[in-house]
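Proteins get letters first, then strands, A, B, ... in listed order; numbering begins at 1 in each.
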Amino acid sequence: MARARALAATGDAAGARALVDGAEVDEATRDALVCARARGSTSPRTASTRWSRRSASRAACAAPERAEAWWLCGAALARRGELAAAAPLLRRLVTAWPLDADAPAAWHLLAQEALARRDVEAAKACRDRGRELATWHGYYRTRRLQVRAAPDEPLPRLGLAQLWLSVDALEPARAELLELVRRAPDFARGWALLGEVERKLEHRDAALVAYDAALARDETLADVRFNRALLRLAAGDAAAARTDLERLVQGATANEPRYALAHLHLARLLKAAGEDDAAAARYAAYRALGGTEAL
Amino acid sequence: MLRPPHLARVACACVLALASCAEELAPVPPPVARGAAPATAPRDDLVDEAAARGLDYVNRSGDAAKTDILAANGAGVALLDLEGDGDLDVVFAQGLASLAQAVTGPGADLEVFRNVGGGRFERAPGPGLSGWWTGLATGDVDGDGDADLVAGGYGALVVLLQDADGALHLARDLCADEPARLVPGAERAVGAPPPWVTSVALFDADRDGALDLYAGLYLDLDPLAPVLHEVGEGPLAVPCRWKEHEVYCGPRGLVPQPDRFYAGDGAGGFVERTRAALGALPAGYTLAVLPSDVDDDGDVDVLVANDSSENRLLVNDGAGHFEDRGYEAGIALSMEGNPEAGMGIACGDVDRDGRFDYAVTNFSDEPTALYLGSELGFENATFRYALGRETRALLSWSAHLVDFDGDGWLELFTTNGHVYPQADLPLSGTSYGQPDTLWRLGPEPRAVPVAPRDARSLLAPATGSRGAAIGDVDGDGRPDVVVARLDGPCALGIDRFRGGHRLVLHLAGPEAPSPHAPRTPRDASGARVVLVAGQGAGEFGQLREVQTAQGYQSASSPALCFGLGDEARYAKLVVRWPSGAVEELDGGAADRALWIEEGRGVVRAEALP
């Protein structure tokens, strides 16, 4: 397949097709092969629209569980000017595979289809979603390039994980961060973000391990300390939580509204411990920072 | 609306009517009196006769290795009548041997070639400029009845007025007040990239009869500290690579420069009015600018081809204020929703439905796009016309929709050539040198390549071409093409297609302009013509607009060349002047050149040779 792709990239479509046609495939790779054939037939370098549509339709029928099959069929119809017929196929793609590499293009064609129906609002929504997703893919490609150029540099991989997080894709983010802390174990921000992802995945113990590692490398990471305090509270480890919270209500973060809840949680711990005066003082600080919850 | 209602209906019928006209012989162009243009020149081709006709321009465009992006973009060319003798002269932009020379000097001048008759040229003195010149625009900016020139460059934008002897003189330096402007040989500091003007266009944006100026700008390139090898810094730097080869950096990753708009006063003066005209239009690596009344509402809109970012359709509100409607119109992005490397733009009514269509050239692996005008915006017909397959391997620059073969249907001409010498390395799927290309787009609605007849064809050599201008340089009524090639001699493609009756129109606004706007500029910029020919089921119409800015960094002749196929007469001409006046002129014999002035009809007619 790789050789066929390389041949196609050089313009030797016939050679690529011959390789693909002659390939011996098992059941597992059959669908990929069908899509590869269709991809080849829709390549602008080789395509006749009629043939590419037929080939792409075949791919969609043969491999409906593959995102690219829906894209290929929708794109082939769109190139023939049949946007209305393409729209349901493209909608299926963006619904079932919202982050697929072809999804921005699918949104673009859906916007064009809405424009053709003179549905300006729908067109605008599709356009905006497509642009947003295209921007995301642009950053994603750049980060991958940077990771490939410098695999042990932590920042590009951190950026990659943040991209995944920005679309709530927690597992891919976790995978990148695990690789990051393996390659750069002293990079505190990597551990910090890994803790955040583990927390969102409700892997409490793993999150605490990551937070511990982050703070061991950089004890000024206030967000990490606050989140660790919350996790410790949830785990019933009031003493450990109190240590983190006391650290937060002193020093640089003492008067930041962002950490107002640290004052509240500490006030509640103090009250539970019978330290009413100290609890009242913390609660007053919480209210002074704009907090409204009851003690 | 200037569209005969029957135009679309008759288009199909014309397919049959014209099918048999290919062998009809038109008058043979006169032999060239001097030089080596052979009597046995091949027919049905664009024959390169540059050397034989005295066009000995040789382009310089930086180092051969193309280590910076300025070296890759090449020069434009302009066709204009410099002496009022009725024939077309040629002005080429010129670059320098290296980016360093742009700082140290000496700078280059424009190169001027006078047409001494019949399309033979002699070198003439340039206007005495010093710079690295790129884009050229033509138009009568001072309303004195002759064509003037605007030249853009790397670090410069100047207005040149034509005097009574046909010489061009520097009248305005529009970058004079900018500290970052580039003056070869003058001291400059690091960190001040000069304005880099690419394509420029003269047209009347506010219908006051005075030509205004749109200047497309490209990107920040500091000649003293060009970005090399990678963009960005430290661990987030991205290497400048293309298909695994190290190449020059840009445009992606470099800072785009915003386009500019200058209001003309009709006397050769210009005042920058970018904010008022373009609002907060985002910068976008502009390479080509084409004015055209896209929405057919009587004012001139602007199409902008941007490299690696969205193309723009700047719709004019009639008072010279523009709003980008490119996305809604369907021309901003590729069919897959990606911004492409827009290089050049062509305008013409490809399918003869009375609406203008546009072709936009792109990078290799991005096809030249064809947008057909429709009731609502544009219909992307790139793949239906097989331009995906035809153009995918080409990196194309200037684009022109012209009826070279005179059959009444437009052909698409593009200049081609890759930006990276590394394109010749294995597995690139393309090549550095590429031949210029010509496709017939009608009567069958698909791109049919026109093959070069022999090595003398303009379409034969695999070189690198950039700017191109269209005009009838030898006075035979057939459009020829001048091509500014990169790092080498220019080409002059003489139209040697057989068959097809012709009609050439020279339009002019009134000598004494109306005291009230809207007015027609003296050079009739923006005038729109429908020519109707044929009868009954064979009737067809052709649409043209007087605009010189088209292609890439170049200015074509304002004359309108029509091919009539086997129709020896045309039925009528309808002219919509920018003033709003519409004149319908009676039909007449083909194979003539007509001079038409607003309010006076045909003021002169000559038979074509």
Side-chain angles (χ1 to χ4, degrees), chain A residues 6-13 42-50 52-53 71 75-76 78-81 83 102-112 115-118 120 123-124 126-127 130-131 133-134 137-138 141-143 145-150 152-159, chain B residues 230-241 243-244 252-253 308 310 325 327-339 362 364-369 372 374-394 423 425-431 446:
Chain A
L7 274 177
T10 66
D12 185 2
T42 53
S43 154
R45 198 191 285 273
T46 57
S48 81
T49 50
R50 190 180 305 157
S52 62
R53 183 192 171 190
W71 161 249
R79 281 179 188 174
R80 284 170 58 93
L83 278 170
D102 291 319
W107 281 114
H108 172 70
L109 289 178
L110 286 169
Q112 297 299 313
L115 278 176
R117 286 187 284 109
R118 303 188 183 219
V120 176
K124 188 174 179 309
C126 293
R127 180 196 66 182
R131 280 179 169 169
L133 207 50
H137 277 283
R141 278 191 297 272
T142 303
R143 295 284 179 253
L145 276 174
Q146 291 165 337
V147 165
R148 195 171 67 173
D152 291 330
E153 278 289 345
L155 280 179
R157 207 178 290 275
L158 184 75
Chain B
E230 61 184 24
V231 292
E233 291 178 352
L236 296 182
V238 177
C240 302
R241 301 182 76 82
K243 297 195 175 184
E244 302 302 323
R252 282 202 175 97
S308 305
E310 291 187 14
R325 293 287 183 195
Y327 190 90
E328 293 90 327
I331 65 148
L333 302 168
S334 74
M335 191 168 263
E336 281 76 27
N338 298 315
N362 287 307
S364 59
D365 291 320
E366 297 172 346
T368 291
L372 298 182
S374 67
E375 189 182 348
L376 190 72
F378 294 98
E379 189 186 338
N380 190 327
T382 304
F383 294 96
R384 275 191 289 130
Y385 272 72
L387 283 168
R389 184 173 46 193
E390 288 290 329
T391 66
R392 185 72 173 197
L394 299 172
L425 294 171
L427 301 179
S428 76
T430 181
S431 57
R446 63 187 294 266

Review point. What part of B/A237 gets closer than 4.5 Å to chain A, counting heavy atoms only: side chain, backbone, both or neither?
Key: backbone

Review point. Quick one: ring-ring contact (aromatic ring centres under 6.0 Å, His included) partners of B/Y385, sequence neighbours excluded?
Key: none

Review point. Any side-chain heavy-atom pair from B/E366 and B/E336 closer than 4.5 angstrom?
Key: no

Check your understanding: Does B/R241 CZ have over 12 foreign heavy atoms under 6.0 Å away?
Key -> yes

Check your understanding: Contact part of B/E310 toward chain A, heavy-atom cut-off under 4.5 Å: side chain, backbone, both or neither?
Key -> side chain

**Study point:** For chain B, the option from A/Q112, A/K124, A/R127, A/R143 that forms the most heavy-atom pairs under 4.5 Å
**Key:** A/R127

Practice item. Under the salt bridge (charged side-chain N to carboxylate O under 4.0 Å, His left out) rule, collect the residues that match up with A/E153, sequence neighbours excluded. Key: none

Review point. Which region of B/S334, side chain (C-beta onward) or backbone (N, CA, C, O), has a non-hydrogen atom less than 4.5 Å from a non-hydrogen atom of chain A, or is it both or neither?
Key: backbone

Review point. Contact part of A/L115 toward chain B, heavy-atom cut-off under 4.5 Å: side chain, backbone, both or neither?
Key: both

Point to revise | Which atoms of A/R148 approach chain B - backbone, side chain, both or neither, heavy atom under 4.5 Å | key: side chain

Review point. Between A/R118 and B/E375, is there a salt bridge with N-O shorter than 4.0 Å?
Key: yes

